[in-house]
There are 2 protein chains.
Amino acid sequence: MVGIRDVAEAAGVSVSTVSQVVTGRRPVAAATRARVEAAITRLGYRAHPGASQLRGGRTGTIALIVPTLENPFYPLVAVGMQDVLVPRNILLTVTDASGMDRSASAIHRLLSRRVDAMVAAPFGLPESSLAELHDAGIPFVSLGKAPPGGGDFVHTDDVSGAREVTTHLIERGRRRIAFLGGEESVVPTQQRLEGYQAALRAAGLPVRGDDVVFEEYTREGGRKGAATLLDRDDRPDAIVAANDLIALGVLDATRARGLRVPDDVAVTGYDDIEAASLVSPPLTTIENPAREIGRACARLLLERLDGMVTDVARTVALSTRLIVRDSS
Amino acid sequence: MVGIRDVAEAAGVSVSTVSQVVTGRRPVAAATRARVEAAITRLGYRAHPGASQLRGGRTGTIALIVPTLENPFYPLVAVGMQDVLVPRNILLTVTDASGMDRSASAIHRLLSRRVDAMVAAPFGLPESSLAELHDAGIPFVSLGKAPPGGGDFVHTDDVSGAREVTTHLIERGRRRIAFLGGEESVVPTQQRLEGYQAALRAAGLPVRGDDVVFEEYTREGGRKGAATLLDRDDRPDAIVAANDLIALGVLDATRARGLRVPDDVAVTGYDDIEAASLVSPPLTTIENPAREIGRACARLLLERLDGMVTDVARTVALSTRLIVRDSS
DNA sequence: GGCGGCACGCAAAAGGTTTTGCAGTAGCAT
DNA sequence: ATGCTACTGCAAAACCTTTTGCGTGCCGCC
């Protein structure tokens, strides 16, 4: 294990000079620097990150916490962050928070002081846990849910997106439109529901409580919810699914029942993951710019790390877009 | 910032006793332990990870390095690792290696000493970089490519998988079967090509060099490669794509040209990502158990970390399965 | 040729934990 | 009652880096 001491010796300088060369926080004479750098290369020296961090340095790592990696939306957010982070030589660490819900502080314990900054999509996380993230004393960006105490925040307008897709269905002549959400408690569900209801009201259509069902944000959730909605006597003529995964499950259910989409029932999704355009029939959905969202998060964080921002909380709102395909 | 010192003071014990309670490496009297634990909870103490690591501890982190997060195969591997790691309270850090190819040691520099163990799908990584990973002195599992110097290794049999799917096409009466690979240099490409050729030979069919095309492992690569293959005078009656993403691109190309699948040309994929079953027509493909692969990797690593294994290199081979759908 | 100032490199402290040899004590057996 | 053992907690060293105030040597200018 080659330490800074070895490099110093090899280069014939002091330990502190080596450190200065490495960190660049103080100027070093060109000749000396060259000698030190040569020694570093020759010995293959790398600073021990633990020690660096201990003495007050950065970890050079940014964390992304997502509710699940099974929804392809989130890997894409990670890719977007990479776009910004890789040129800056910062390591991105992606953590799937599914399965670590119980202990409210699991995430904090795992990440505190282990990263320089953090972005989290805090759905399903208890409020206390979110507060902890916010108070961890490092730059933090919340994804899709306004942080309780205020703070940086990247999102798309779920209300307007859901309103847009619902309105589209109404314009296509649908009158009995159901909403199939994921977990009821999470913010995007509530906002998409709100947009759906707003569209109904604006069109003068009744807002019926039994036309709203909540399951999970998975394909399986979609199958289950669709079963509830479709096996009734007066089934809806359209289903607004709260995301594409759910919509895929709805399509499974229609297929299993021999229902034609969109003739018997129209289906719409949300996010525009790749599968949305592939499934048959292709899904009408709302494009949610995952990669761009990732980029925005990373940029926000970087600006804080660079000290360009003081303490004003910033919100980045990215726009969504209705994509009409055959399912409606 | 509450340190171990504060806890010791609050509990009326020495710093080392607190450490012993936390790490559990030495027995502590029950009464004392209770007092210390109470203080820890009350103060919200957490060990500074840098300091712990410095003094010889573990980082409690395992890294997964993937070629890209855009291929949904890899997030699933991560999920599989999580299955095993979460109960053990180990943090998984997923890194997308795309874009950090240039500097051969980027990955090493980023991860060295920052994690306790590592699994990497080292496609596209220079050989030197792979050797570095292997020599980093931490448990290391290679994914899909045998590590040059020997070492733990998880894979599926690409040769047999490709042979199986190609044979399936032959049995369906296809005679002019093309192979559309991703990057030529990476091992899975070579092996899948080998399986394809083996199947042709076994059936007494000619192995024609111009029926083999290499592009990238992306949907766009599939479109390009299919263009090459389909715009010829004597186009093939089947295309074996080296993964599902490529196959999706091939389907795009057939659609653009008004070709019917499988009537005019059959198409097969590899991996069985979710999109494979969704696209129209659904893809015949080889199921590649990503999640199970992730689990196997994590288990291998854990066994080494627990010191259950000395130095014998182990190989885990998981089986694949032909999934016949409408595209063939 | 002498003096002032500047650039450069150094020494030492600090940062928070884990480890380990050691000492004190209580309990048990003789 | 005494000696020994086992258990428990402590003090101090070790881990490796970064930071910062200082001293030294060199250069330029008068």
Side-chain angles (χ1 to χ4, degrees), chain A residues 1-40 43-61 109-110 112-116 136-138, chain B residues 1-40 43-61 109-110 112-116 136-138 305 307:
Chain A
M1 189 135 303
V2 35
I4 200 174
R5 219 179 301 271
D6 305 305
V7 176
E9 198 170 335
V13 297
S14 79
V15 164
S16 43
T17 302
V18 177
S19 178
Q20 275 142 212
V21 169
V22 172
T23 62
R25 292 176 96 77
R26 259 199 193 181
V28 171
T32 314
R33 186 202 330 275
R35 216 154 15 105
V36 171
E37 280 169 350
I40 288 177
L43 273 56
Y45 165 77
R46 329 210 182 264
H48 187 300
S52 305
Q53 184 189 355
L54 181 57
R55 190 54 184 100
R58 297 251 173 93
T59 63
T61 307
R109 181 170 47 67
L110 285 174
S112 166
R113 284 137 147 194
R114 199 151 278 179
V115 298
D116 296 334
I138 58 177
Chain B
M1 186 136 306
V2 36
I4 199 174
R5 220 179 299 271
D6 305 304
V7 177
E9 199 169 336
V13 297
S14 78
V15 164
S16 42
T17 302
V18 177
S19 178
Q20 274 142 212
V21 168
V22 172
T23 62
R25 291 176 96 78
R26 258 202 197 181
V28 171
T32 315
R33 186 204 328 275
R35 214 153 18 102
V36 172
E37 279 169 351
I40 287 177
L43 273 57
Y45 165 76
R46 328 209 183 263
H48 187 300
S52 304
Q53 185 189 355
L54 180 56
R55 187 53 182 105
R58 295 253 173 92
T59 62
T61 306
R109 181 170 47 67
L110 285 174
S112 165
R113 280 135 148 199
R114 199 151 279 182
V115 297
D116 297 334
I138 58 177
L305 287 175

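Chain letters run A, B, ... following the sequence lines, proteins first and then strands; every chain starts at 1.
A/A51 approaches B/L54 most closely through the heavy-atom pair CB-CD1, 3.7 Å. Closest heavy-atom contact between B/V22 and B/Y45: CG2-CE2, 4.3 Å. Nearest heavy atom pair, residue A/V7 against residue A/V2, reads CG2-CG2, 4.5 Å.
You'll find that the side chain of B/P27 is closest to D/dT8, out of D/dT8, C/dT17, C/dT20. Each of C/dT17, D/dG9, D/dG21 was ranked by its minimum atom distance to the side chain of B/A51; first place goes to C/dT17.
Side-chain atoms of B/R58 come within 3.5 Å of backbone N or O of B/L305 as a donor-acceptor pair.
Computed from coordinates, the B/R35 CZ to D/dT8 C1' distance equals 12 Å when rounded to whole Å. With rounding to whole Å, A/R26 atom CZ is found 12 Å from D/dC22 atom P. Between the NE2 atom of B/H48 and the P atom of D/dT17 there is a distance of 16 Å, given to the nearest Å. Atoms CD (A/E9) and P (D/dC16) sit 15 Å apart, rounded to a whole Å. For A/L54 and D/dA14, the CG to P distance is 17 Å, given to the nearest whole Å. Between the CD1 atom of B/I4 and the C1' atom of D/dA12 there is a distance of 14 Å, rounded to whole Å. If you measure from atom CD of A/Q53 to atom P of D/dT19, you get 13 Å, rounded to the nearest angstrom. Rounded to whole Å, the distance from CZ on A/R33 to P on C/dC8 is 9 Å.
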Please write out the pairs of protein N or O atoms and N or O atoms of nucleotides 12-14 of chain C separated by less than 3.5 Å, giving the distance to one decimal.
{"unit_1": "C/dA14", "atom_1": "N3", "unit_2": "A/R55", "atom_2": "NE", "d": "2.9"}

Using a cutoff of under 3.5 Å, can you pull out all pairs of nitrogen or oxygen atoms linking the protein to nucleotides 4-6 of chain C, with atom names and distances?
none

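Distance check, rounded to the nearest 0.5 Å: OG of A/S14 to CD of A/Q20 gives 7.0 Å. Rounded to the nearest 0.5 Å, atoms OG1 (A/T17) and CZ (A/R33) are 11.5 Å apart. For the atom pair CZ (B/R114) and CD (A/Q53), the distance works out to 8.5 Å, reported to the nearest 0.5 Å. With rounding to the nearest 0.5 angstrom, the CG atom of A/L43 is 10.0 Å from the CD atom of A/E9.
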For A/V28 and A/V36: C-alpha separation, side-chain torsions, deciding distance, then whether side chain to side chain contact (heavy atoms under 4.5 Å, CB included) applies. CA-CA 10 Å; A/V28 171; A/V36 171; 6.0 Å; no

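In terms of position along DNA chain C, the nucleotide closest to B/G50 lies nearer the 5' end than the nucleotide closest to the other residue of the pair B/G50 and B/Q20. The 5' end of DNA chain D is approached more closely, in terms of each residue's nearest nucleotide, by B/A30 than by the other of A/T23 and B/A30.
For C/dC10, one of the phosphate oxygens OP1 or OP2 lies less than 4.0 angstrom from a side-chain nitrogen or oxygen of A/T17. One finds a side-chain N or O of A/S19 lying less than 4.0 angstrom from the OP1 or OP2 phosphate oxygen of D/dT18. Between B/R25 and C/dT19 there is a side-chain polar atom (N or O) within less than 4.0 angstrom of OP1 or OP2. Between A/S14 and C/dC10 there is a side-chain polar atom (N or O) within less than 4.0 angstrom of OP1 or OP2.
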